[in-house]
Amino acid sequence: MTQWWRDAVVYQIYPRSFADGNGDGTGDFAGALARLPYLAELGVDAVWFSPFYPSPLADGGYDVADYCDVDPRFGTLADFDAFVAAAAELGIRVIVDIVPNHCSSAHPAFQAALAAGPGSPERDLFIFRDAPNNWQSVFGGPAWTQTPDGQWYLHLFDSSQPDWNWSNPAVPALFEKVLRFWLDRGVAGLRVDVAHGLFKDPDLPDVPDPSPSDRPSPWFHRPELIEHYAGWRAILDSYPEDVFPGRRTAVGEFWGDEITHLEPYFIPGGMPQAFNFFLFRTAWNAPALHHTITASIALADGSDVVAPWVISNHDVMRPVSRYGGSPEARSDAEVDLALGTRRARAAALLLLALPGSAYVYQGEELALPEYLDIQDADRDDPVFRRTGGARLGRDGCRVPMPWSGTRAPYGFGDNPDTWLPQPPNWAPLTVEAQLDDPDSTLSLYRKAIAHRPKGEFHWLEPEPTALAFTRGAGFACVVNFGGDPVALPDHEEIILASGPVTGGTLPQDTAVWLRLNP
Ligand code: GLC
């Protein structure tokens, strides 16, 4: 199949927190290389690396100072190439993260813009004005910062992340070079950060409600994006597909407040994949998820753009804590871990049975909870700082991975002084502790990835408290959300269950995969 990504499982690596090979307390390519066999055994088709480029790390590397190199903390370009080559040996493709909406204020182009002064061509690469408008940063606070000469520049995120001016042709030209730089190195695809950003209404109008949202606005979901991504698709398609990594892909981070906000991207020749984040945003109940899944499938129907499913990534609360507490929980005490784990395991079977591809975020396969009790002084996310602590930010889902042992750094590396602290109670969650336990969440993910169903998706008769669907003639997935056990359809065999199932009925917060009677 040339479009390998259509039903792939892609594993997201957050490089700072995956594996530390050089003992500095921060993850790196050497660490990731050593853990490649783990990823092969998990059975993933590709890995997506969050940014590893030279960066002040003011936003975890999404503040890029050089798009075509590797930050020394993560290794070198040669280390990157070695990872890509070793991954290819195992049949694993590599996707890199492209950050086109903004760069780091340390990027030479922004430094040159500051030095060149108002009205200069250097400033026109960014969005400088003599006075700000009322737009707000996604991370909280105003979206404008004043420079010493009195002008202001736009940053939809942190003040250390100035927005590029995409209406200046030099900016698309620069990014075309960046794309080709990584595609020429053999990457299979690109994850495009804030893909619904980039172009701004040239009038920069004040808006009636400037509070952050993902609806179409003078800064998000601009019509210019459609033609722009058709151009990127043409670049991807210009690479030969007859050798590994095959046809090249891109997956856009398109947030919307409603599914309909994503409709414009589902056109022939659009970006090949647009993330579907609506599972995150849907509460743990059958009717709401039924609606989200139906609408998501309809979105991609008949288009050559696909909408991969996700239940976690580096920007949202981990499913165990979301389902066992709430997205607003602020301390570990507010989370019922047993409940959250039960639901997260059921959600995993749902995720991996849905039609199309799924992205799995490192640690999701271990059922890691969010670490909410990180001390304020240890927090790193600019969201925490910019909102004066009103929003805790995303550090809790970015804690270094626990690989082995009974205390920090849990085999993450040699250095117990990890860049974010790990909680004291993660010994039972390490890879080592879960690997040989057939009932562990890691085993559940491994088996589910190995046995993902194919075939057409159809809902079975709706039950008020359960979801049930088939994939092809012989497979069904059933998830029970309600208090009463649900009768299972006639089946030959239970392929996988997220929890104990006895007597032909499915308990609450449990999912099963069934082989149906012929
Ligand atoms: C995306 C990234 C997020 C980052 C933001 C700004 O949403 O996923 O981590 O903070 O863009 O680059």
Side-chain angles (χ1 to χ4, degrees), residues 11-20 23-28 31-32 35 38 50 57 60 311-345 347-348 360-385 389 391-435 437 439-445:
Y11 187 89
Q12 181 190 354
I13 292 185
Y14 193 72
R16 289 174 105 179
S17 300
F18 187 60
D20 173 14
D24 66 355
T26 292
D28 46 44
R35 297 297 182 181
Y38 169 76
S50 280
L57 299 182
I311 56 169
S312 69
N313 69 22
H314 66 295
D315 288 328
V316 298
M317 184 184 277
R318 286 202 178 267
V320 168
S321 307
R322 209 164 65 225
Y323 297 140
S326 87
E328 281 77 46
R330 290 185 64 94
S331 75
D332 292 334
E334 291 170 56
V335 175
D336 179 339
L337 272 188
L339 176 70
T341 303
R342 203 158 62 238
R343 290 179 171 175
R345 290 169 58 96
V360 172
Y361 173 50
Q362 68 181 42
E364 177 185 321
E365 77 282 18
L366 304 177
L368 296 186
E370 188 88 358
Y371 184 19
L372 291 162
D373 289 352
I374 297 176
Q375 299 293 303
D376 290 358
D378 290 330
R379 290 194 177 273
D380 185 76
D381 187 351
V383 169
F384 180 75
R385 177 174 38 82
R391 284 158 58 192
L392 280 186
R394 302 158 295 177
D395 294 314
C397 66
R398 299 174 175 179
V399 172
M401 280 272 285
W403 292 94
S404 59
T406 54
R407 53 172 203 272
Y410 299 108
F412 172 68
D414 294 337
N415 192 337
D417 192 15
T418 50
W419 77 276
L420 274 179
Q422 298 163 302
N425 58 349
W426 273 11
L429 295 175
T430 64
V431 170
E432 181 184 54
Q434 298 198 38
L435 205 53
D437 173 359
D439 296 326
S440 70
T441 303
L442 176 56
S443 296
L444 184 73
Y445 267 84

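Keep in mind it's a predicted model, so treat the numbers as computed, not measured. FYI, the numbering just counts along the sequence from 1.
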Student: Please give me the minimum heavy-atom distance between Leu420 and Pro400, naming the atom from each residue.
Tutor: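 Smallest heavy-atom distance, with atoms named: O-CD, 3.4 Å.
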Student: Taking atom CZ as the centre, does Arg330 end up with more than 12 heavy-atom neighbours from other residues, nucleotides or ligands that are less than 6.0 angstrom away?
Tutor: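 Yes, because the 6.0 Å sphere around CZ of Arg330 holds more than 12 heavy atoms from other groups.
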Student: From Asp380 CG over to Arg394 CZ, what is the distance, rounded to the nearest 0.5 angstrom?
Tutor: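 Taking CG in Asp380 and CZ in Arg394, the distance rounds to 10.0 Å.
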Student: With distance as the sole test, does Ser17 use its side chain to make a donor-acceptor pair with the main-chain N or O of Arg398 at under 3.5 Å?
Tutor: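 Yes, Ser17 side chain to Arg398 backbone: donor-acceptor pair under 3.5 Å.
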Student: Can you name the closest pair of heavy atoms from Pro409 and Gly413 and give their distance?
Tutor: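 In terms of heavy atoms, the two residues are closest at CG-O, 3.4 Å.
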Student: If you take all heavy atoms of Gly25 and Phe412, which pair is closest and at what distance?
Tutor: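 Taking Gly25 first and Phe412 second, the nearest heavy atoms are O-CE2, 3.6 Å.
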Student: Is the closest side-chain donor-acceptor distance between Thr441 and Gln434 under 3.5 Å?
Tutor: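 Judged by distance alone, the side chains do not pair up.
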Student: Is Asp381 close to Arg391 at the side-chain level, that is, under 4.5 Å between some pair of heavy atoms?
Tutor: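 When only atoms from C-beta onward are counted, Asp381 and Arg391 do not touch, as no gap falls below 4.5 Å.
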Student: Roughly how far apart are Asp336 CG and Thr341 OG1, rounded to 0.5 Å?
Tutor: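 Asp336 CG to Thr341 OG1: 8.5 Å, rounded to 0.5 Å.
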Student: For the CG atom on Asp437, are there more than 12 heavy atoms of other groups (residues, nucleotides or ligands in this structure) within a distance under 6.0 Å?
Tutor: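 Count over threshold, so yes.
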Student: Are Val399 and Pro423 packed together at the side-chain level, in the sense that at least one heavy-atom pair is separated by less than 4.5 angstrom?
Tutor: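 In short, these two side chains touch, coming nearer than 4.5 Å.
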Student: CG of Asp315 to OG of Ser50: how many Å apart, nearest 0.5 Å?
Tutor: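 Here the rounded value is 8.0 Å.
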Student: Could you pull out the closest heavy-atom pair between Val320 and Ala367, with the gap in Å?
Tutor: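 Looking at all heavy atoms of both residues, the closest pair is CG2-O, 3.6 Å.
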Student: Check for a donor-acceptor pair, side chain of Tyr361 on one end and backbone N or O of Cys397 on the other, with a separation under 3.5 Å.
Tutor: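 Checked: pair present.
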Student: Would you say Asp20 and Asp414 make side-chain contact, with heavy atoms under 4.5 Å?
Tutor: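 A side-chain contact under 4.5 Å is absent here.
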Student: Any sub-3.5 Å donor-acceptor pair from Glu364's side-chain atoms to Ile311's backbone N or O?
Tutor: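 No; judged by distance alone, with no hydrogens or angles, the pair does not exist.
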Student: Does Asp332 offer a backbone N or O that forms a donor-acceptor pair with the side chain of Asp373 under 3.5 Å?
Tutor: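 Judged by distance alone, yes, a pair lies under 3.5 Å.
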Student: Please tell me if the side chains of Leu372 and Glu334 come closer than 4.5 Å, counting only heavy atoms from C-beta onward.
Tutor: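 With C-beta onward as the side chain, the pair stays apart.
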Student: With respect to Trp403, which candidate in Tyr410, Trp426, Tyr38 satisfies the ring pair (Phe, Tyr, Trp, His ring centres under 6.0 Å) definition?
Tutor: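 That would be Tyr38.
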Student: Roughly how far, to the nearest 0.5 Å, is the CZ atom of Arg322 from the CE atom of Met317?
Tutor: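 Spacing of CE (Met317) from CZ (Arg322) equals 8.5 Å.
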Student: Do any N or O atoms from the side chain of Arg343 and from the backbone of Gly324 form a donor-acceptor pair under 3.5 angstrom?
Tutor: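 Checking the backbone N and O of Gly324 against the side chain of Arg343, no donor-acceptor pair under 3.5 Å is found.
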Student: For the residue pair Pro416 and Ala408, what are the closest heavy atoms and their distance?
Tutor: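 Closest approach of Pro416 to Ala408: CB-O, 4.3 Å.
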Student: Quick one: pull up CH2 in Trp419 and CG in Asp24 and give me the separation to the nearest 0.5 Å.
Tutor: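 Reported value, rounded in 0.5 Å steps: 12.5 Å.
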Student: Counting only N and O atoms by type, is there a donor-acceptor contact under 3.5 Å from the side chain of Glu365 to the main-chain atoms of Gly363?
Tutor: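 Such a contact is found between Glu365 side chain and Gly363 backbone.
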Student: Can you tell me how far the CG atom of Leu366 sits from the CZ atom of Arg318, to the nearest 0.5 Å?
Tutor: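 Rounded to the nearest 0.5 Å, the CG-CZ separation comes out at 8.0 Å.
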Student: I'd like to know if the side chain of Gln12 and the backbone of Ser312 have a donor-acceptor N/O pair within less than 3.5 Å.
Tutor: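 Looks like no, no N/O pair under 3.5 Å.
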Student: List the residues meeting side chain to side chain donor-acceptor pair (under 3.5 Å) with Tyr371, not counting sequence neighbours, and say none if there are none.
Tutor: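 Testing Tyr371 for side chain to side chain donor-acceptor pair (under 3.5 Å), a comparison that skips the adjacent residues, returns none.
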Student: So do the side chains of Leu337 and Pro369 get within less than 4.5 Å of each other, counting heavy atoms only?
Tutor: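 Yes - at least one pair of side-chain heavy atoms lies under 4.5 Å apart.
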Student: Taking C-beta and beyond as the side chain, do Arg16 and Leu57 meet within less than 4.5 Å on heavy atoms?
Tutor: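 In contact.
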Student: Looking at every heavy atom in both Phe18 and Met401, which two are closest together, and how far apart are they?
Tutor: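 The answer is O-CB, 3.5 Å.
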Student: Is there side-chain contact between Arg385 and Asp376, with heavy atoms separated by less than 4.5 Å?
Tutor: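 Sidechains of Asp376 and Arg385: no contact.
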